[in-house]
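See below for the structure under consideration.
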Amino acid sequence: MALEAETKTVVSKFEYTDDDVNKGVEEFLRQMHEGLAKDGTSMSQIPTYVTGVPNGTERGLYMAVDLGGTNFRVCSINLNGDSTFHLTFTKVAIPKELMVAKTAEELFAFLAKQIELFLRTHHREHFEKHIRRRMTISSPLGFVDEEVFRLGFTFSFPVQQSGINKGTLIRWTKGFDIPDAVGKDVCALLQQEVDKLHLPVKVAALVNDTVGTLMARSYTSPGKTGAVLGAIFGTGTNGAYVEKLDNIKKPMTGEYDSSTGDMVVNTEWGSFDNQLNILPNTPWDIALDKASVNPGFQMYEKRVSGMFLGEILRLVILDLLQNKAISLFKDDNSASNDWKSTTNIAAHSSIYTQWGIDTAIMSVAAADNTPELSTLRQELESTLHIYSPSLDDAQAFKAVAGAVARRAARLAAVAIAAIVLQTGHLATTTAEDPVDIGVDGSLVEHYPYFRDMIFEALAVVDGVGGVEGAKRIRIGIAKDGSGVGAALIALVAAGMEKPATHNEYFRELRNDVQSLNLAAVPEDNEVAYSSD
Ligand code: BGC
């Protein structure tokens with residue numbers, strides 16, 4: 001009983017009421033406007049120099065790489081021009097030591113090496129042709145520009161952009177910490193390492209994953225109009241949306257095409273309300289922040305995204321374990337365990353180490369609705385080495401995990417609602433042609449009912465118009481959005497360079513691809529997408 005009562009108290013501390021949601025939206029809008037007016041604000045509101053969204057007719061073969069969390073992905077994308085595309089990719093985990101390397105060069109050299117491996121495996125013919133040319137022609141660089149792959153670089157950290165392929169790193173997030181890279185142009189860092197390996201690759205576009213997601217959703221989305229927001233709820237969280245150029249009051253240094261009257265803005269909402277004007281702040285949020293590599297930053301992200309939810313849960317569980325008045329994951333006497341064996345936590349259980357609970361177990365907890373919670377209890381054993389947990393233990397774990405995730409989903413709704421209201425599209429759309437939002441990331445994709453919880457909170461926002469109003473907002477998964485999105489932006493950037501010669505370039509590349517023996521490519525590396 002004591003455990004149940006204590007669990008209820010903890011759960012109540014994670015409640016985020018309808019009133020809180022509305023206060024959150026109001027403050028989010030205020031901080032959005034502040035970020036559009038000047039630099040150095042909590043939410044960066046970064047102009048991306050991308051001034052339009054695609055309509056599905058774009059074509060061509062591009063490369064994209066994606067650095068933003070635990071993995072580095074290299075892909076080539078064939079845009080078919082009919083809202084579908086074909087993607088070939090490789091994925092490699094970023095070695096932990098490179099995430100905190102001494103120099104930027106160490107990390108970027110590793111990335112360039114992966115690009116070389118990808119080209120050798122998947123575009124061997126084009127790669128070898130390029131090497132042959134380098135050896136036979138007299139140009140000092142050994143190749144002509146048109147024969148070079150245009151690459152979209154998805155770099156999912158806050159970057160001050162000064163052009164479509166230029167931007168300096170503002171700060172690292174998500175556990176990365178290489179001070180040497182801060183303030184440097186990340187496209188130049190990658191290009192330098194690519195050039196050292198003499199690869200036929202030009203870093204043509206710098207893309208935040210949210211911008212890629214927005215572009216990808218617009219390319220594949222079924223509606224008449226493009227998506228208005230691309231959002232990530234994964235390891236980290238962030239959103240990019242289409243803003244009226246006139247609303248961007250702060251100075252922009254780079255060149256851009258102003259004919260559409262719009263520009264995509266990368267909000268960097270992970271840092272919404274770093275000053276904690278309205279964000280909830282439990283003792284566990286405080287402890288998590290204090291022990292993080294960036295205390296005081298990414299305060300919204302630390303309450304919403306996958307990297308942090310497991311850690312909040314872990315800190316709560318540790319507190320409950322230390323509470324002498326209750327019994328969690330231990331047998332007081334043999335009768336207290338319905339599995340008739342001794343409950344204990346292995347000394348080496350990752351519950352005792354920072355980041356030791358993966359958010360994935362929270363999804364298992366939410367999905368297990370069996371009376372015995374047997375799946376969750378098995379998962380507690382296999383992943384956390386908590387042996388023979390009782391039903392009461394598992395219920396407490398499930399309740400706390402559910403509360404942490406529910407608060408995250410309701411906070412996610414704050415950002416989504418504020419941006420939908422800011423765009424003003426809700427007034428002109430219908431349930432048949434709703435305001436379209438593309439989302440990606442492990443949390444929104446795998447956590448059961450995450451989107452339903454978001455919708456529940458959207459419906460209570462003043463100005464959305466209740467459940468009926470919320471139906472005019474469509475949230476669709478833009479799977480692998482950052483890859484195809486980066487390719488789309490590389491296409492725009494390439495068009496800005498030399499439109500005429502590119503036709504020849506693509507013709508040549510298409511021939512190369514057609515002559516490739518695709519059967520040699522492992523199946524799981526090939527994905528064809530069409531609109532959903
Ligand atoms: C970064 C963003 C990124 C988001 C999602 C955040 O930590 O600051 O740039 O879009 O994670 O990957």
Side-chain angles (χ1 to χ4, degrees), residues 28-29 31-33 35-36 41 43-54 64 66-69 152-161 163-165 167 170 173 205-221 225-245 247-248 250 252 254 256 260 262-272 298 300-301 304-305 412 414-423 425 435-441 444 473 475-478 480-490 492-493:
F28 198 97
L29 280 163
Q31 294 191 24
M32 275 180 85
H33 290 140
L36 289 173
T41 54
M43 246 164 82
S44 302
Q45 294 280 68
I46 301 164
T48 61
Y49 296 87
V50 175
T51 54
V53 294
D66 186 342
L67 177 74
F153 181 17
T154 301
F155 182 77
S156 304
F157 300 93
V159 162
Q160 191 59 53
Q161 268 191 262
I164 203 140
N165 70 345
I170 301 174
T173 59
L206 176 60
V207 186
N208 186 269
D209 52 357
T210 55
V211 183
T213 301
L214 173 64
M215 302 300 271
R217 179 72 191 171
S218 290
Y219 184 78
T220 57
S221 138
T225 43
V228 297
L229 168 65
I232 303 281
F233 298 102
T235 309
T237 183
N238 187 16
Y241 72 105
V242 184
E243 181 57 278
K244 295 259 157 300
L245 261 172
N247 289 343
I248 309 177
K250 60 187 172 189
M252 286 188 274
Y256 55 90
T260 60
D262 292 329
M263 186 177 283
V264 175
V265 169
N266 167 14
T267 65
E268 284 298 334
W269 74 35
S271 263
F272 162 58
Q298 304 292 105
Y300 175 80
E301 179 165 85
V304 172
S305 78
V414 164
I416 293 173
I419 287 182
V420 167
L421 293 177
Q422 168 73 6
T423 63
H425 286 318
V435 178
D436 196 57
I437 293 172
V439 290
D440 197 4
V444 68
I473 302 171
I475 302 181
I477 300 278
D480 292 323
S482 54
V484 67
L488 284 159
I489 300 173
V492 174

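No hydrogens, no waters, no symmetry mates; every other heavy atom, side chains included, goes into these values.
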Nearest heavy-atom approach of Gln161 to Ile164 is NE2-O, 3.9 Å

- Message: Quick one, Val242 with Thr423, criterion side-chain contact (heavy atoms from CB on, under 4.5 Å). Give me CA distance, side-chain angles, the key distance, then yes/no.
- Response: CA-CA 8 Å; Val242 184; Thr423 63; 6.0 Å; no

Distance col, row Gln31:CD vs Leu36:CG, nearest 0.5 angstrom, shows 12.0 Å

Rounding to 0.5 Å, atoms OH (Tyr256) and OG1 (Thr48) come to a distance of 11.5 Å

Between Val439 and Phe233, the two heavy atoms sitting closest are CG1-CE1, 4.2 Å

* **Ile46 backbone acceptor or donor facing Ser44 side chain under 3.5 Å** => no

request  = Using only heavy-atom distances, determine whether the side chains of Thr210 and Asn208 contain a donor-acceptor pair under 3.5 Å.
outcome  = yes

Of all heavy-atom pairs linking Ala227 and Ser218, the shortest is N-OG, 3.0 Å

Verify, without hydrogens or angle tests, whether Tyr219 (side chain) and Leu488 (backbone) share a donor-acceptor contact under 3.5 angstrom.
no

Thr237 side chain to Ile232 backbone, donor-acceptor under 3.5 Å
yes

Smallest heavy-atom separation, Tyr300 atom then Trp269 atom, equals CD2-O, 3.2 Å

Candidate pair Ser271 and Gln298, rule side-chain contact (heavy atoms from CB on, under 4.5 Å), full reasoning: CA-CA 4 Å; Ser271 263; Gln298 304 292 105; 2.8 Å; yes

d(Tyr241 OH, Ile416 CD1) to nearest 0.5 Å is 14.5 Å

Between the CG atom in Leu214 and the CG atom in Leu229, the distance rounded to the nearest 0.5 Å is 7.0 Å

Distance col, row Ile473:CD1 vs His425:NE2, nearest 0.5 angstrom, shows 12.0 Å

**Request:** Check the pair Val492 / Val50 against side-chain contact (heavy atoms from CB on, under 4.5 Å), numbers first and verdict last.
**Result:** CA-CA 8 Å; Val492 174; Val50 175; over 6 Å; no

If only side-chain N and O atoms count, and only distance matters, is there a donor-acceptor pair under 3.5 Å linking His33 with Gln45?
no

Pro47 and Lys250 have their tightest heavy-atom pair at CD-CE, 4.0 Å

Show the numbers, then the answer: is there a side-chain contact (heavy atoms from CB on, under 4.5 Å) between Thr267 and Gln422?
-> CA-CA 12 Å; Thr267 65; Gln422 168 73 6; over 6 Å; no

Exercise for review: Decide yes or no for Leu67 and Phe157: does some side-chain heavy atom of the first lie under 4.5 Å from some side-chain heavy atom of the second?
Suggested key: yes

Taken to the nearest 0.5 Å, the spacing of Leu245 CG from Asp262 CG works out to 7.0 Å

Between Asn238 and Asp209, is any side-chain donor less than 3.5 angstrom from a side-chain acceptor?
-> no

Heavy atoms of Ala486 and Ala64 approach each other most closely as CB-CB, 3.8 Å

Note, Met32 side chain near Ile419 side chain (heavy atom, < 4.5 Å) | yes

